[in-house]
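Order of the sequence lines fixes the chain letters, A, B, ..., with proteins taken first and strands second; residue numbering starts at 1 for each chain. Predicted model, so just to flag it, every value in this text is computed and none were measured.
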There are 2 protein chains.
Amino acid sequence: MSAPAPVAQLAALADDTRWAILGLLGASPRSASDLARELPVSRQAIAKHLAVLEQAGLVAAERDGRAVRYRALGASLSALADRLDAIGRGWDARLARIAAIAEADPRS
Amino acid sequence: MSAPAPVAQLAALADDTRWAILGLLGASPRSASDLARELPVSRQAIAKHLAVLEQAGLVAAERDGRAVRYRALGASLSALADRLDAIGRGWDARLARIAAIAEADPRS
DNA sequence: TCGATCCGCAACCCTAGGGTTGCAGGAGGT
DNA sequence: ACCTCCTGCAACCCTAGGGTTGCGGATCGA
């Protein structure tokens with residue numbers, strides 16, 4: 001019923017460098033070269049990360065002349081958050097129900 | 001201001017096998033051996049995954065005789081979701097503000 | 001036109017970590 | 001006491017992927 005766990009997006013978020021990138025893009029849009037100047041990794045490494053983030057829908061690219069400006073998509077992150085919250089609530093609801101049954105029928 | 005990005009928890013969630021485990025534990029608590037019987041991986045692999053999940057606070061262990069029963073902690077997942085949602089909203093708010101300024105002062 | 005950037009592709013290195021097998025220790029059941 | 005089942009360590013294999021360097025193509029500014 002619930003959609004398959006969004007592992008791809010979570011994997012994209014499971015990296016410190018990518019969070020550093022997202023932090024900067026969440027403050028203001030900028031290009032890969034800009035990011036490379038502010039972070040301790042090469043531009044190509046950043047390009048790879050941006051590709052992953054774009055694939056995951058967490059970032060959007062916008063070509064502006066020879067530069068490519070990226071911006072963080074907060075709505076995507078919030079959407080992911082909603083799905084996780086729903087799953088978490090689902091677990092607790094089911095487990096609480098089981099606990100209640102165990103209480104009412106105490107044959108351990 | 002905002003707490004450091006919860007990369008550890010996200011990394012714990014960035015794996016299909018662990019989601020399979022969480023799905024089962026979210027339906028009803030069970031032991032590592034139980035899980036090994038229902039999943040196509042060895043018990044030791046599952047034990048490693050459970051250690052990761054426990055470390056991330058997404059699962060709780062409860063010793064019952066010689067068995068160790070695990071259960072999913074939905075509240076933790078929901079808490080993580082809240083943090084992500086807040087971050088996402090933060091990005092959009094800041095970027096929207098920048099867009100508004102650019103609109104009011106259009107010297108591209 | 002020429003130089004300075006900016007991007008994209010490709011090859012390569014190296015570690016993190018998911019998976020396996022094997023074995024030893026304990027707790028239960030009969 | 002004995003056998004069974006579950007857990008915990010340890011060593012090991014192997015791929016995914018984060019990082020680097022190097023090069024070639026394209027675009028902007030002077």
Write down the distance between [atom1] ([X]) and [atom2] ([N]), rounded to a whole number of angstrom.
X	N	atom1	atom2	result
A/Arg43	D/dG18	CZ	C1'	16 Å
A/Tyr70	C/dG8	OH	C1'	10 Å
B/Glu62	D/dT7	CD	C1'	16 Å
B/Leu50	D/dT7	CG	P	9 Å
B/Ile46	D/dC9	CD1	C1'	18 Å
B/Asp16	C/dG17	CG	C1'	15 Å
B/Arg66	C/dA24	CZ	C1'	16 Å
A/Leu35	D/dG19	CG	P	13 Å

Touch check for [X], heavy atoms < 4.0 angstrom, all strands: base, sugar-phosphate only, or nothing?
X	answer
A/Arg37	sugar-phosphate
A/Ala47	nothing
B/Arg69	nothing

Please state whether the phosphate of [N], meaning OP1 or OP2, lies under 4.0 angstrom from any side-chain nitrogen or oxygen of [X].
X	N	answer
A/Ser31	C/dC7	yes
B/His49	C/dG17	no
A/Thr17	D/dG18	no
A/Ser33	C/dT5	no

[options]: which one has an atom nearest the side-chain heavy atoms of [X]?
X	options	result
A/Lys48	D/dC6, C/dC7, C/dA11	C/dA11
B/Gln44	D/dT7, C/dT21, D/dG19	C/dT21
B/Val41	D/dG19, D/dT7, C/dT20	C/dT20
A/Arg63	C/dC7, D/dT20, D/dG8	C/dC7
B/Ser42	D/dT7, C/dT21, D/dG18	C/dT21

Item to check | Along DNA chain D (nearest heavy atom to each residue), the more 5'-positioned of A/Ala45 and B/Ala32 | outcome: B/Ala32

Item to check | Identified side-chain contact (heavy atoms from CB on, under 4.5 Å) counterpart of B/Val59 within the set B/Val52, B/Leu25, B/Ile21 | outcome: B/Leu25

Next on the checklist: Regarding B/Asp92 and B/Arg89, does a basic nitrogen lie under 4.0 Å from an acidic carboxylate oxygen?
Outcome noted: no

Checklist entry - Side-chain contact, heavy-atom cut-off 4.5 Å: B/Leu13 with A/Leu13? => result no

Checklist entry - Nearest 0.5 Å, what's the CG-OG1 distance between B/Leu35 and B/Thr17? => result 11.5 Å

Item to check | Rounded distance [0.5 Å steps], CD1 in A/Ile98 versus CZ in B/Arg71 | outcome: 11.5 Å

Next on the checklist: Tell me if a side-chain donor or acceptor on B/Arg43 pairs with a main-chain N or O of B/Ala32 at a distance below 3.5 Å.
Outcome noted: no

